[in-house]
Asks: 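Have a look at this one.
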Amino acid sequence: MIYIKDMEDLDWRILRIVEICLKNHEWVPIKEIVKKAKLNQNEVSYRISRLIHIKMLNSSQYGYRISHWGYDALAIDTYSKKDLIVGMGGKVGVGKEGDVYNVLLPDNRNAVLKFHKHGRTCFTMGKRYRNYLADKRHMSWLYSSRLSAEKEFEVLTALYPIVKVPEPIANNRHTILMGKMEGTDLKKANLHRLDLNPEELFEEIIEEVKKAYKLGYIHGDLSEFNILINSDGDFVIIDWPQVIEINDNKFKIEKISSKDVEYDVEYYLKRDIGNLLRYFKKYGLNKDLDTLYNYIIN
Ligand SMILES: Nc1ncnc2c1ncn2[C@@H]1O[C@H](COP(=O)(O)OP(=O)(O)OP(=O)(O)O)[C@@H](O)[C@H]1O
Ligand SMILES: [Mg+2]
Ligand SMILES: [Mg+2]
């Protein structure tokens, strides 16, 4: 629980100062905070103890840093101050890399806010991110979560509305604000009960994969868990941070047991198609992977 309502202006100010100082420190020493805040040491100590009490800051013998909750709070506060969201509701979903919450936009539309949480990332994901961050020495969860959110927002912006993906609305820190799909994931949907034709749906999904490929992107984690569908058969493909950019060599190498293994675009695209085929097999669909692959790339 984030106790934003208990936060006073000075608490926010100190929290933001700690965030800025984290660019240069792993733990921010109190004297650094005092210097930047232009407040006396007693006031700063008092604010820090309040922030620790409500779990916005973590402390060690070396100083202070922002907690997951502190970072969440800063993002929510920023959206709220910019009038991008006017309310927050419950959780829509919990993924391996983040939590997704219902939010209300000023025009009364429902949307969702996805928090990227790399601290508890799945292992492969971490590996790939470490790769593309090889030159950044002090990579913290805070920094890598932010990059992951930025990447997902960038991809949604490049794909929307050509490809069926959620509408990207805004990005702040480790979060993205996007349109909400009222529906369920394909994993939980029963296509027969929804009166949907599995073969038609499969072909529609392949069309989206093809369009994304033409724009230069391979999802990289496509499966029945990352497709949301409603009862009309409308769907969106979600969860894009691990995207493979077709002209970006950095994404082609993964470290497996400390050996560099080079995977190419073909590997990732076939893996995505293979996941879809596996899912649709239970509806009796039998298609050839190579034929689909050639259809997509040509
Ligand atoms: N735009 C959206 N509209 C409605 N629900 C959404 C939306 N985006 C995400 N969700 C819900 O939140 C869940 C997690 O989202 P997402 O898959 O993007 O996160 P993740 O943490 O990367 O998950 P994973 O562990 O699958 O990698 C989804 O399975 C879905 O239930
Ligand atoms: Mg997912
Ligand atoms: Mg994911």
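Every number for a ligand or one of its atoms is a count from 1 in the order of the listing. Only heavy atoms go into these numbers, but all of them, side chains included; no hydrogens, no water, no symmetry mates.
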Asks: With heavy-atom distances below 4.0 Å as the criterion, list the atoms of ligand 1 near Lys180.
Replies: 3 (N), 4 (C)
Asks: For a quick test of reading the model, state the closest non-hydrogen atom pair linking Asn226 to Asp221 and the distance between them.
Replies: ND2-O, 3.0 Å
Asks: Under 4.0 angstrom from ligand 1, any heavy atom of Gly179?
Replies: yes
Asks: Within 45° of the six-membered ring axis of Tyr279 and under 6.0 Å from that ring's centre, is NZ or CZ of Lys187 located there?
Replies: no
Asks: Under a 3.5 Å threshold, yes or no: a donor from one side chain and an acceptor from the other, between Thr175 and Tyr71?
Replies: no
Asks: Of the protein's non-hydrogen atoms, which lies at the shortest distance from atom 2 (C) of ligand 1, and what is that distance?
Replies: Val112 CG2, 3.7 Å
Asks: Which ligand 1 atoms are under 4.0 Å away from a heavy-atom of Pro166?
Replies: 1 (N)
Asks: Is the Lys NZ or Arg CZ of Lys210 less than 6.0 Å from the centre of Tyr295's six-membered ring, within 45° of the axis?
Replies: yes
Asks: Counting backbone and side-chain atoms alike, does Asp239 have an N/O/S atom under 2.8 Å from the Mg ion (ligand 3)?
Replies: yes
Asks: Counting non-hydrogen protein atoms only, what is the nearest one to atom 13 (C) of ligand 1? Give residue, atom name and distance.
Replies: Gly93 CA, 4.0 Å
Asks: For Lys281, is the NZ atom crowded, meaning more than 12 foreign heavy atoms sit under 6.0 Å from it?
Replies: no
Asks: Is it true that Tyr143 and His118 have ring centroids separated by less than 6.0 Å?
Replies: no
Asks: Does the N or O separation between Met181 and ligand 1 drop below 3.5 Å for any pair?
Replies: yes
Asks: Taking the six-membered ring for Trp, are His174 and Trp141 closer than 6.0 Å centroid to centroid?
Replies: no
Asks: What part of Asp239, side chain, backbone, both or neither, has a heavy atom within less than 4.0 angstrom of ligand 1?
Replies: both
Asks: Measure the distance from atom 7 (C) of ligand 1 to every protein heavy atom, then report the residue, atom name and distance (to 0.1 Å) of the closest one.
Replies: Leu228 CD1, 3.7 Å
Asks: Counting only heavy atoms, which portion of Met178 has something under 4.0 Å from ligand 1: side chain, backbone, both, or neither?
Replies: side chain
Asks: Give the contacting part of Asn226 toward ligand 1: side chain, backbone, both or neither, where contact means a heavy-atom distance below 4.0 Å.
Replies: side chain
Asks: Do the two ring centres, one from Tyr283 and one from Phe202, sit under 6.0 Å apart?
Replies: no
Asks: My understanding is that we take every heavy atom of each candidate and find the minimum distance to atom 12 (O) of ligand 1. Doing that for Ile176, Ile227, Val100, Val92, which one comes out nearest?
Replies: Val100
Asks: Students should be able to answer this: which protein heavy-atom is nearest to atom 25 (O) of ligand 1, and at what distance?
Replies: Lys96 N, 2.4 Å
Asks: Distance to 0.1 Å, residue and atom name: give those for the protein heavy atom nearest to atom 28 (C) of ligand 1.
Replies: Ile238 CD1, 3.6 Å
Asks: Counting heavy atoms only, which part of Lys114 comes closer than 4.0 Å to ligand 1: side chain, backbone, both or neither?
Replies: side chain
Asks: Does a side-chain N-to-carboxylate-O contact under 4.0 Å join Arg109 and Glu167?
Replies: yes
Asks: Please tell me if the side chains of Ser45 and Ile30 come closer than 4.5 Å, counting only heavy atoms from C-beta onward.
Replies: yes
